[in-house]
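A, B, ... follow the sequence lines: proteins, then strands. Residue 1 opens every chain. Nothing here was measured: the structure is a model prediction, and the numbers come from that model.
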Number of protein chains: 2
Amino acid sequence: MKNQKRTTIHDIARKLNIAASSVSRALNNSSKVSASTKELILKTAKELNYKQNFLAQNLRKGQNQTIGVVVPRINQNFFSNIIAGLEEVTYKNGYNLVICQSNESHEREVQCVETLIHQHVSCIVISISVEHTNDDHLKNVLAQGIQLIQFDRVAQDLETFKVINDNEQAATEAVSHMINQGYRRIALLEGPQNLAIFRQRKAGYLRALEQHRVPVVEELIIKNAWTKELGAKATRKLLSLPKPPDAVFASTSDFSALGVLEVANSMGFKVPDVLGVCGYSNEAFSEITTPSITTVDQYSKKMGKAIADLYFEEIKEAPNSTVYKTVSIKPKLIVRSSTQRKNIPG
Amino acid sequence: MKNQKRTTIHDIARKLNIAASSVSRALNNSSKVSASTKELILKTAKELNYKQNFLAQNLRKGQNQTIGVVVPRINQNFFSNIIAGLEEVTYKNGYNLVICQSNESHEREVQCVETLIHQHVSCIVISISVEHTNDDHLKNVLAQGIQLIQFDRVAQDLETFKVINDNEQAATEAVSHMINQGYRRIALLEGPQNLAIFRQRKAGYLRALEQHRVPVVEELIIKNAWTKELGAKATRKLLSLPKPPDAVFASTSDFSALGVLEVANSMGFKVPDVLGVCGYSNEAFSEITTPSITTVDQYSKKMGKAIADLYFEEIKEAPNSTVYKTVSIKPKLIVRSSTQRKNIPG
DNA sequence: CTGAAAGCGCTTACAG
DNA sequence: CTGAAAGCGCTTACAG
């Protein structure tokens, strides 16, 4: 049964005693074929179990109906939902998705991008790795005439299409909510500041403090605490201070917030009464921890769809446009137990 | 900058005043080119930023260096790790991965498979959906001369390559462990019995009871409790029985075990002292629940690699072999708090 | 070792 | 409306 020949348009043509070009036209529903022959061809194609050959089609047309995606990790909720959203729209449009993981390594990311360029995909959708140092590989994408859409973690200075969240606004809301719950010494766990999203979240934190006239305390701002382990480590340090914080905004992720939670629990700081905790990105687990974690939902699946829509509705239509649009999706604060005090002081 | 022409072997040939065939040979490192011209060609290729065209290559060779994967969901740990494992090996071999989700729908699964056949991928790697009703689409894959590897959730009767876990053995170990912890009325949350993996886990449960001469109690065996919600529902029912269970083996997943845990907590059944809970597949969250959940690790990343190795080391070499191998990976019981009693009765 | 030619399966101007 | 031909970018027997 194996390795049998697939039927081609020539098989159909031969059987029907017509030209292959007519078969091609009929299959593409061209108006330049009579309805009767078209019908006959379609019927025969079905009989012979004909499947068009993507490779030949794309080679001939000089395009590849494939979109490449590069994400740091596919097993984080945020990214897997992005992909689910992308998938829905791209498949509907007859395009394929090739997914690569950078594993947060810049080097691996460059490799992924090379592979995708190599395949001459129509468009590359990317969220850069935490190690991001330069934009050369992204510039190269553009230079090759391949469309580029950055999302979430974007290289700000590089002009491309972008789909992002308003991180600053979300962070401001999160911290304001904590202040309203009576927290006053709110620590910030920063992400690596080479990424714009983490700079923006820090800005949002500072803005909220300013708006509510809460003083900024430098020792409560911890750099580079963006994984569960680093979040835990930062928390051990914070909770050992002479004047420990009464809340922690883990601005990078729920993973980091989880680290906070575990250390707080083990050091006997009761969450949320003695210590408030807020995370970011609404990972599935944030709902099931004890207590559940207040976080920011980024509407990831919707974001994935927005990216694909951007490609199919705008970019594909005007591939030579140099007007780069940025789509911003408003995230939403999800208040859960970890910041809801029974008795709000003061 | 956009839509510029990519350099082809003819560009290199023209520049060097040689035949395109020689360029091709040099690029493929054929021995039929002199070392000096080879060097020259490679240098020029680099200068002109030449990238081979996959489409043309694959079309010419009559193959597509792509492997298709169909999984129920990519955002479950088990599957995302399988994919990470696959990725590692396939990229190393210069192959691409196209990933599809069936979303547990048989119809969608059939669609995914059609799309992949359509693309004439070299191999389809699949874990069937829970709705699995028939194997027609899989038979079709084989009929099209495309390699097929089933993993984890396999259609047992269909002869193909398979990479599986020894589910029965793992379930026996899990239940034996619970019996050793003094649990005697161990409920079973079954998965849909149309899937072999769930039949096997049930068999393992029954085997453990038999080995330890623990009587089987029919009312403690709950059908179709394979999601968090169904697990919760089943648990409400079980814990309301005149003689409730003293343990629950959520044989389907940690999601189901999580449902058990939440209901147990809210109904005041203390885990693990009053109620033992064991899940399956070692989702990331199972470590962070309160208490943490005993579960079975399936070595998912290793399994992903094993699948890819099977393809590259065996199937690809002997594509017409009809000897189908089954690779079995031994899963491992991970004992955590949810089954570790402080005082083992009796 | 090198070149000219055929062909993978398709689409699309060109002619009629 | 239909056909013959060229060509997308490559590889590979065939000849020399």
Side-chain angles (χ1 to χ4, degrees), chain A residues 3-42 44-45 48-66 94 117-122 144-145, chain B residues 3-42 44-45 48-66 94 117-122 144-145:
Chain A
N3 286 329
Q4 75 195 61
K5 276 272 185 359
R6 303 170 78 194
T7 67
T8 71
I9 54 170
H10 295 101
D11 297 323
I12 299 174
R14 205 175 310 122
K15 177 150 184 185
L16 258 32
N17 246 315
I18 54 176
S21 39
S22 292
V23 177
S24 172
R25 289 190 194 100
L27 259 16
N28 288 301
N29 204 18
S30 152
S31 58
K32 296 181 192 160
V33 205
S34 72
S36 58
T37 47
K38 188 185 286 183
E39 200 185 341
L40 195 59
I41 289 167
L42 262 28
T44 316
L48 299 182
N49 193 23
Y50 171 80
K51 309 270 178 190
Q52 64 186 140
N53 183 322
F54 268 145
L55 295 175
Q57 260 182 332
N58 288 335
L59 175 62
R60 180 53 232 252
K61 290 192 195 159
Q63 48 146 294
N64 188 349
Q65 301 208 3
T66 299
I117 290 176
H118 200 172
Q119 285 184 79
H120 205 47
V121 296
S122 299
Q144 298 282 337
Chain B
N3 285 327
Q4 77 195 55
K5 276 271 183 0
R6 304 170 77 193
T7 67
T8 70
I9 54 171
H10 295 102
D11 297 323
I12 299 173
R14 207 176 307 121
K15 177 151 187 188
L16 258 34
N17 247 315
I18 54 174
S21 39
S22 292
V23 177
S24 171
R25 289 192 194 99
L27 260 15
N28 289 300
N29 203 18
S30 153
S31 58
K32 297 179 190 161
V33 205
S34 73
S36 58
T37 46
K38 189 185 284 185
E39 200 185 340
L40 195 61
I41 289 168
L42 260 29
T44 316
L48 299 181
N49 192 22
Y50 171 79
K51 310 270 177 188
Q52 62 184 143
N53 183 321
F54 268 146
L55 294 175
Q57 261 183 329
N58 288 335
L59 175 61
R60 178 54 231 251
K61 291 193 195 157
Q63 47 146 295
N64 188 347
Q65 300 208 2
T66 300
I117 290 177
H118 201 170
Q119 284 184 80
H120 206 48
V121 296
S122 298
Q144 299 282 336

Pairing residues for A:K51 by the side chain to side chain contact (heavy atoms under 4.5 Å, CB included) criterion, not counting sequence neighbours: A:R6, A:N49, B:E114, B:H118
A:E39: side chain to side chain contact (heavy atoms under 4.5 Å, CB included) partners, not counting sequence neighbours: none
Positions of residues 17-32 of chain A (non-hydrogen atom under 4.0 Å from DNA chain C), listed by number: A:S21, A:S24, A:R25, A:N28
For atom CD1 of A:I12 and atom C1' of C:dC10, their distance in whole Å: 12 Å
Whole angstrom value for the distance that separates P of D:dG9 from NZ of B:K61: 17 Å
Residues that B:K15 engages under salt bridge (charged side-chain N to carboxylate O under 4.0 Å, His left out), provided they are two or more places apart: B:E47
B:R25 backbone acceptor or donor facing B:K38 side chain under 3.5 Å: no
Intra- and interstrand pairs of DNA chain D - dot-bracket, Watson-Crick/G-U under 3.5 Å, | marks other strand: |||.||||||||.|||
Value rounded to 0.5 Å, distance of CG in B:L48 from OG1 in B:T8: 9.5 Å
From CD1 (A:I9) to CZ (A:R14), nearest 0.5 Å: 11.0 Å
Residue-phosphate contact under 4.0 Å: A:T8 side-chain N/O, C:dC8 OP1/OP2: no
Separation of C:dC10 P from B:N64 CG (nearest whole Å): 14 Å
Between C:dG3 (C1') and B:L16 (CG): distance, integer Å: 15 Å
Touch class at under 4.0 angstrom, heavy-atom based, for B:Y50 against every strand present: sugar-phosphate
Between C1' of C:dC8 and CZ of B:F54, the distance in whole Å: 17 Å
Rounded distance in Å - CD1 (B:I41) to C1' (D:dC10): 15 Å
d(CG, A:L55; P, D:dC10) in whole Å: 14 Å
Spacing of A:L40 atom CG relative to D:dC1 atom P, expressed in whole Å: 16 Å
Between NE2 on residue B:H10 and OG on residue B:S24, distance to nearest 0.5 Å: 9.5 Å
Set of residues satisfying side chain to side chain contact (heavy atoms under 4.5 Å, CB included) with respect to B:N58, sequence neighbours excluded: A:L55, B:F54, B:Q63, B:N64, B:Q65
From B:L42, B:I41, B:I18, residue fulfilling side chain to side chain contact (heavy atoms under 4.5 Å, CB included) relative to B:I12: B:I41
